[in-house]
Protein chains: 2
Amino acid sequence: MSSSYVTLEQVAQHAGVSLATASRVINGSTRQVSQRLSEKVNASAEELGYLANASAQTLARNSSSLVGLLVHDIADPYFSSIARGVTRYTEEQGLVTVLGTTYRSAQKESTILAALRAHRAKAVVLVGSRSTDEESNARLVREIEAFQQQGGRVACVSQPGLPADTVSPDNHTGAAELARHLIALGHRRFAILAGPTNLSTARERLDGFHSALSAAGLELEHHNIVHGDFTRDGGFESTQRLMRLGTDATCLFAVNDVMATGAMAALRESGIGVPEELSVAGFDDIPTLRDLAPALTTVRLPLEQMGERAAQMALESDHEGEDRTVNVQGEVLMRESTGKPSTR
Amino acid sequence: MSSSYVTLEQVAQHAGVSLATASRVINGSTRQVSQRLSEKVNASAEELGYLANASAQTLARNSSSLVGLLVHDIADPYFSSIARGVTRYTEEQGLVTVLGTTYRSAQKESTILAALRAHRAKAVVLVGSRSTDEESNARLVREIEAFQQQGGRVACVSQPGLPADTVSPDNHTGAAELARHLIALGHRRFAILAGPTNLSTARERLDGFHSALSAAGLELEHHNIVHGDFTRDGGFESTQRLMRLGTDATCLFAVNDVMATGAMAALRESGIGVPEELSVAGFDDIPTLRDLAPALTTVRLPLEQMGERAAQMALESDHEGEDRTVNVQGEVLMRESTGKPSTR
DNA sequence: GGACTGTGGGAAAACTCTTTCCCAGGCTAG
DNA sequence: CTAGCCTGGGAAAGAGTTTTCCCACAGTCC
């Protein structure tokens, strides 16, 4: 039952032309085809409702119009914002976006990358910081290289250190700048809601914050550091733990907005006033979370543009050679969730 | 330069077996292959790192492992929640998800559906209520039918009335139930932040709310209805407009949480206390927005499950015949953003 | 006028897989 | 002992494009 499909051969026949000529017209090849025949072919294609079989094209060209997009969790607004940027670019280019969600599993990541390879995807955009686990990292590098060897291009967002183009926020500087703002407000004792230690993004933000404190001669005490998993609930629980342990901090820095949201919820539940009793700051400036009350002090990242830029880098065909790195600076936004330290 | 790829023929040669036999082993066809040869082929495939060319398979089988997912905006948490459910199912099934974002443009929708058709996608999940515009609706129906005729399956979320399986929230009942709760709280004068009138979801929620009011003998006055576009900023602006016009309502129902968020922001800016001066309710129970303060009264929809269910329906091969409709009931969640009406 | 150039167009190979058809050889049954 | 059957395995025919190679023909130059 191949009846339902119109093939190029049928178009050619209908136009009274050879298959090759029809293909040349449709693809606008370098070879000239007379105006007369061109029009005839196009008219026939239109009339018959011709739609090229993408798999046949891929097979013949050894390259498809698919672009992979790997995120950890599409429901996380951090990733969905970036995804929006990526799709904006790919769709503008007439390409098809393949969405793969990994939930931070190297296993799933491999599976999806293999599928993209099997489909001869043109490019893939990897989003989200990598585990620093040596072994799985090495495996990812091998897979990326296999992909590239097949003519695919790779770009990463927030995932430095891979053999590919990279768009990376300057987490260190952003966190440090935020710290300086908070110090300027008068804070001296900080608590930090850090992320998973094996993720570079989490580490960089922690380090940046820490180094700014050190530079100001301030300590970040060990009992004032708790770790979350970048989720809202993780932030909630870690904050509760922090409260239970009894912190003396006047300001809490959560290394991403999503955890900061959980932190604010935990504080509200404990009846701790933000910012009167405790200032809270986040990182990312997630659009969906801009309406929290009090409005969250944070470091804005242009997430959507980052995704768009990464897609663009992955698909720019003219570029060869060295991997490029685009560094994105965050902008500190002091809003309502931070204030002068309480004098308790 | 076909050098980089390992073909099945190479595997067959390496195993000292014919191409057909190798294919039978790899695909586990009905035809038996002796244990000895089976093992040999598998070993060769493993050793050579064989990865089947997906486009060749698609071409030969006339069906790919691609599943389309069409949403209006992936950064909108409503859609990203549903997308999560869809990908959960497709990835579990070893399928590849193609993400298309339409931004409510029938044009883009067509483009993406055509691409999916060209790729011989196995199924497509359409998310988000349709415009009621007759013409573009008819076009969509034609495209869906073309897709189905090629052996593709279609399922919709929140998009009733199409010739496909559908998962649909019972917007009417949900809104009506919410209205009854609000009436029970003592409210008599309502304002409503409605959605685009041409979207069925928006209309159903408006109608449901309205009919519950009518049933209680209450009027919904014309000047108390404003329309937004389902976005946060739309909700913000419409609420400002409502305020400027001077409403006498004691309760504002925004037909989705995202607009409700904008409404709360506008009210906060105007210094209007929620819920003391004005109660606010939304619809959807968007996970990311659960931490708004005051916590938003809303109607919970199991968005993720809805997506999962739709994907499942689209991919269940055993089902033939009548289109099925799954109705999802929302659950009214009375939280902090609503209270007894102020007595002004 | 013949050789040469350039241009339009067609035949066919290539891309990699699936699947049908057929054959050879070992059984069983009569 | 032979006819018929079953089973494993191979050859080959697609599936729908792209692209290379070649041919025919018209025009140009000596």
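Residue numbers start from 1 in every chain, and the chains themselves are labelled A, B, ... in the order their sequence lines are given, proteins ahead of strands. The figures here come from the full heavy-atom set of this structure, side chains too, leaving out hydrogens, waters and symmetry mates.
Atoms CG (L8(B)) and C1' (dT18(C)) sit 10 Å apart, rounded to a whole Å. As rounded to whole Å, 13 Å separates atom C1' of dA13(D) from atom CG of L59(B). For the pair Y5(A) OH and dA15(D) C1', the computed distance is 11 Å after rounding to whole Å. Distance CD (Q57(A)) to P (dT16(C)): 17 Å, rounded to an integer number of Å. In this structure, the CZ atom of R61(A) is 17 Å from the P atom of dG16(D), given to the nearest Å. In this structure, the CD atom of Q35(B) is 14 Å from the C1' atom of dG8(D), given to the nearest Å. Rounded to an integer number of Å, the gap from L19(A) CG to dA13(C) P is 14 Å. In this structure, K40(B) atom NZ and dG8(D) atom P are separated by 16 Å, rounded to whole Å.
Among the protein residues, S23(A) comes within range of the nucleic acid bases, having at least one heavy atom under 4.0 Å from a base atom.
Within the 4.5 Å cutoff, no side-chain heavy atoms of V25(A) are placed close to those of L37(A). Side chains of P160(B) and S200(B) form a contact here, defined as non-hydrogen atoms less than 4.5 Å apart. Side chains of T58(B) and T58(A) form no contact here, defined as non-hydrogen atoms less than 4.5 Å apart.
A donor-acceptor contact under 3.5 angstrom links the side-chain atoms of R24(B) to the base of dG10(D).
In this model, the phosphate group of dT18(D) is approached by a side-chain N or O of N27(A) to a distance below 4.0 Å at OP1 or OP2. Checking the phosphate oxygens (OP1, OP2) of dA15(D), no side-chain nitrogen or oxygen of N53(A) falls inside 4.0 Å. At least one side-chain nitrogen or oxygen of S18(A) sits closer than 4.0 Å to the OP1 or OP2 atom of dG10(C). Put simply, Y50(B) has no side-chain N or O that comes within less than 4.0 Å of OP1 or OP2 on dT16(C).
When only modelled atom types and interatomic distance are considered, Q35(A) and E39(A) share a side-chain donor-acceptor pair under 3.5 Å. Under the 3.5 Å distance criterion, with hydrogens and angles disregarded, no donor-acceptor pair is assigned to the side chains of R120(A) and S55(B).
Here the nucleotide nearest the side chain of S34(B), chosen from dG9(D), dT17(D), dG10(D), is dG9(D).
Nucleotides of DNA chain C nearest to A56(B) and A20(B) differ in position, and the one nearer the 5' end is that of A56(B).
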